[in-house]
Amino acid sequence: MAPLLELKGITKRFPGVLANDHIDLTLEKGEIHALLGENGAGKTTLMNILYGLYSPDEGEIFVNGQKVAIQGPTDAIKAGIGMVHQHFMLIPVFTVTENIMLGEEDVKVGGFLDRKKAAQKIMRISDQYKLNINPNAYIRDLPVGAQQRVEIVKILFREAEILIMDEPSAVLTPQEVDELFKIMRILVDQGKSIIFITHKLREVMDCADRITVIRGGKVVGSTTPKEADTKKLAAMMVGREVELKVKKTKAKPGNAILQVEDLKVLNNQEQFAVDGVSFEVREGEVLGIAGVQGNGQTELVRALTGLLTPAEGKIKILGKDTTKEKPRFITELGSAHIPEDRQKDGLILAFPVSENLVLNSYQHEPFSKGIRLQFDEIDRNGKQLVDKFDIRTPGINTPVSNLSGGNQQKVIVAREFSRPIKLLIASQPTRGLDVGSIEYIHKRVMEKRDAGCAILLVSTELDEIIQLSDRIAVMYRGKILDILNIEDASKEILGLLMAGIKPSEEMKHKVTKEEQLITT
Amino acid sequence: MEKQKQVQKKQSATAIFFEELSKSSGLVTFLAILTGILISGLLVAFTTVEVYQAFSVSFWGGIKEIVKTAWSTYSTLFMGAFGNPKDIVAAFQGGDALTIRRAINPFFESLVQATPYIFAGLSVALGFRVGLFNIGAEGQIFIGALTATYAGYAITGLPAFIHIPLAMLAGALGGAIWGFVPGFLKAKTGAHEVIITIMMNYIAFKFTDFMINGPMQDPNEYTPKTPWIQESAQLTHLFADPIRFHIGFFIALGVAYLVYWLLFKTTWGFELRTVGSNPNGARYAGINTTKSTVIAMSLAGSLAGMAGANEVLGLNFRLVPSFSSGYGFDSIALALLGKNHPLGVVLSALLFGFLRNGSRQMQLKAGVPIDIVSILQALILAFIAAPAIIRTIYRLKKPDIEEEGVRVSGWGGK
Ligand SMILES: Nc1ncnc2c1ncn2[C@@H]1O[C@H](COP(=O)(O)OP(=O)(O)OP(=O)(O)O)[C@@H](O)[C@H]1O
Ligand SMILES: [Mg+2]
């Protein structure tokens with residue numbers, strides 16, 4: 001029998017890049033097929049072609065052995081292909097039902113929308129696949145994980161057999177990721193098939209049935225979790241051996257660079273998202289902030305970087321009171337910020353790479369003289385950073401929006417690391433990056449630390465926190481429950497703290513001994 | 001499909017050329033203009049009695065009549081905008097200066113009409129670049145005209161090379177104040193600039209009326225009019241009558257270049273464009289978005305104000321109540337047509353100038369209502385705003401633009 005889906009010789013060129021180079025891929029019914037590859041390898045492009053967002057320059061697509069011409073998403077949906085986009089396509093002020101009904105003609109009765117019928121169908125789908133969706137909830141009230149499930153329902157609502165998921169786990173908390181994998185299993189058990197993209201090798205090992213690795217737009221190999229291990233996969237992706245763990249020397253902390261005293265910050269709903277937090281970060285150390293997303297980390301970082309004015313408390317950077325200062329002042333003091341949402345805060349998508357690389361230094365020589373921008377210097381800087389940080393782009397004048405997700409992240413990292421900084425505030429610095437780039441950025445972070453930079457690392461990746469931090473603060477409901485030295489931290493203790501439970505002294509002691517070997 | 005692909009591979013240079021072009025918006029713009037012209041032509045034809053009469057006789061006669069009507073409409077439009085080529089040739093052969101001036105006047109008159117469009121179009125385009133919707137250009141034009149008039153007649157004894165710039169600047173300043181207010185309100189209170197600028201328009205209209213009827217009325221006149229501006233403030237006319245072409249056109253081009261330079265070559269422009277493209281990103285980058293909003297609206301106002309100044313100092317030489325141009329409203333469309341780029345604005349201002357000037361002739365000679373030009377402009381814009389229509393009609397390939405998701409984070413929270 002013919003496989004469910006077959007891609008043959010898919011080729012796609014963009015000006016200056018061969019994004020897909022004769023890619024063959026087959027998807028069997030009822031399997032989870034993981035697509036792995038470095039940043040810019042061409043995964044998203046391939047999926048966009050499958051979903052009809054791009055038209056391929058060459059190649060053919062077969063569904064159930066039948067050749068299909070996919071000119072747009074409508075054709076894709078007709079062929080039973082649905083896509084969960086990394087950036088959700090939902091309208092926050094609409095309910096789940098309304099969002100799902102958008103553009104769905106079948107639910108019309110005599111020109112009117114039959115909400116009830118749609119809601120019933122949503123309930124049925126939600127029950128069948130254990131998606132736990134309330135059709136009447138407003139999107140804006142749902143956590144990210146639930147929004148993603150709404151996207152899944154939306155696809156199933158349109159009777160999709162093949163689900164495409166582009167980095168579905170990148171925006172989720174570890175708990176949500178586990179849930180997602182359970183749902184994916186239920187889906188394939190009931191006969192659906194899934195292609196999913198991720199950069200997290202462990203996820204691939206945990207949940208894929210088959211793995212295809214793409215590099216430089218070409219398929220470099222196909223394997224299964226049984227045959228492969230993470231090291232091997234990493235090597236396949238990047239084309240060389242990758243050290244999955246950075247070597248870390250003991251920190252030699254110096255003076256306090258960032259001091260936070262009893263900080264309280266309000267969120268949009270006028271609640272204390274940060275509720276009395278105190279800590280300091282010293283020269284030459286990494287303070288990790290662990291915690292489930294949504295426990296005040298976002299607001300904390302925004303307050304520290306001047307994007308939000310705290311309600312109470314005090315922030316000092318390099319001895320200066322910056323509690324009420326603007327971002328420019330804080331940046332000029334020598335503080336760098338890698339924002340959590342790269343497209344919202346960190347980049348001007350429509351601007352070229354080179355201009356994004358001077359986004360917060362354009363006002364200084366050599367990038368400008370007086371009010372005149374010096375494009376020679378801006379370009380020179382752009383070329384240099386693109387080389388140094390291995391940003392895959394056709395050129396420095398390409399708009400950042402044309403870069404792959406991971407390469408967009410690299411633009412931010414390159415910009416922030418290339419300035420003379422004394423404090424680095426990094427939120428999810430490696431979100432969406434491939435293992436090679438993570439390795440690179442982790443090494444740079446360690447270099448910065450050893451050069452005396454104070455680093456505040458906010459990450460929901462526990463592994464990342466444990467690997468890089470010298471001390472770990474755990475945030476829960478706007479408060480820091482505890483700050484542990486890395487020697488005293490273990491996944492188990494951190495897990496408890498993240499759930500809001502303070503472990504007993506005795507337990508701390510016990511776990512420390514057992515797990516210390518693993519973490520260092 | 002298999003065969004189709006083969007054929008595609010062997011595509012000729014022309015096919016590739018078109019494919020490449022189709023990715024640029026220039027072709028879409030051009031085709032939008034063309035399609036607009038075609039459809040408006042049909043509209044004219046179907047509102048003409050003769051066409052129906054001809055159809056009642058025979059079908060082909062009807063078709064012929066349609067072509068004839070459309071042709072005569074557009075040829076008068078063309079001649080109204082550029083002059084009648086035959087007349088021009090004849091005039092130059094005759095050698096009489098006045099006849100020559102008369103023959104070439106339509107072309108220069110179109111440039112005269114295009115001049116305020118350039119200023120006002122730049123105003124709206126600058127606003128758009130910073131993410132602001134300046135509906136207030138019309139009001140800013142009025143205030144600019146008012147202040148320029150005042151500087152034009154109240155200040156005496158200056159040489160022209162000082163008085164002209166001074167009066168222009170007075171117009172710019174008046175417009176700037178009118179732009180500053182909505183900018184300030186938006187920045188400080190979040191009041192939407194669309195509403196405020198619309199309100200400011202009404203205030204500007206009434207305020208101008210009041211000034212002409214009262215404080216600024218010429219005491220020697222019974223009807224409300226301001227005094228004539230000093231000769232030293234008048235924008236130099238470059239030809240003798242009836243050609244009204246004056247240096248305002250070159251000032252406008254100069255200002256367009258200045259706006260281009262400011263937007264794309266300076267740190268200020270970088271900040272403004274950043275704010276316009278991604279306000280969150282701008283804040284992150286340490287740009288003062290409040291300040292940028294105020295500056296942008298003030299600058300936009302000053303540009304529109306110059307349009308008003310240009311009209312008074314270059315053409316009318318005094319302000320009368322009927323001073324109502326409509327330039328400000330047209331320029332919103334114009335800026336969009338010009339892709340909010342100064343060069344694009346100049347080009348579409350020229351187009352609008354030609355259309356506006358040509359349409360008068362069309363009304364006079366072909367008896368076609370002037371409104372058809374508004375319809376034409378509207379159609380062109382509709383097609384530009386919805387490039388998908390144009391792409392479908394002409395089977396153009398859709399450009400590879402990454403589909404932008406609705407970003408939840410960008411919506412709910414401010
Ligand atoms: N719309 C576009 N215009 C031009 N180039 C593009 C466009 N979209 C993608 N590219 C280029 O194609 C290549 C593949 O990009 P793609 O987004 O498919 O990578 P990816 O494998 O998904 O990477 P990541 O893991 O970083 O998301 C990149 O070099 C990218 O710069
Ligand atoms: Mg991608």
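Naming convention: chains lettered A, B, ... in sequence-line order (proteins, then strands); numbering from 1 in each chain. Note: hydrogens, waters and symmetry copies are ignored here, and every other heavy atom, side chains too, is used. No experiment lies behind these values; they were computed from the predicted model shown.
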Examine whether an atom of [X] lies under 4.5 Å from a heavy atom of chain B, and if so say whether it belongs to the side chain, the backbone or both; otherwise answer neither.
X	result
A:Q374	neither
A:E416	side chain
A:Y362	both
A:L347	backbone
A:F329	neither

Can you pull out every salt bridge (charged side-chain N to carboxylate O under 4.0 Å, His left out) where at least one residue sits in residues 369-378 of chain A? Sequence neighbours excluded, please.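 For residues 369-378 of chain A: A:E377-A:R380.
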Nearest atoms (heavy-atom pairs only) where [X] meets [Y]:
X	Y	answer
A:P327	B:G286	CB-CA, 4.0 Å
A:F375	B:K265	CE1-CD, 3.9 Å
A:E355	B:F270	OE1-CE1, 3.5 Å

Value rounded to 0.5 Å, distance of [atom1] in [X] from [atom2] in [Y]:
X	Y	atom1	atom2	answer
A:D345	B:R283	CG	CZ	9.0 Å
B:Y284	A:I348	OH	CD1	10.0 Å
A:R328	B:N288	CZ	CG	9.0 Å
A:F367	B:T267	CZ	OG1	13.5 Å
B:E271	A:Q363	CD	CD	7.5 Å

Top contributor to chain B contacts, counting heavy-atom pairs under 4.5 Å, from A:S361, A:P339, A:G370, A:A350: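 The candidate making the most pairs under 4.5 Å is A:P339.
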Proximity breakdown for B:I287 and chain A, heavy-atom pairs closer than 4.5 Å: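 Backbone plus side chain of B:I287, per the 4.5 Å heavy-atom cut-off to chain A.
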Should we say atom CZ of A:F62 is surrounded by more than 12 heavy atoms from elsewhere, each under 6.0 Å from it?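 Yes, CZ of A:F62 has more than 12 neighbouring heavy atoms, counting only those of other groups under 6.0 Å.
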Are the side chains of A:K344 and B:N280 in touch, meaning some heavy atoms are under 4.5 Å apart?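 The answer is yes, as the side chains (C-beta and beyond) meet within the 4.5 Å cut-off.
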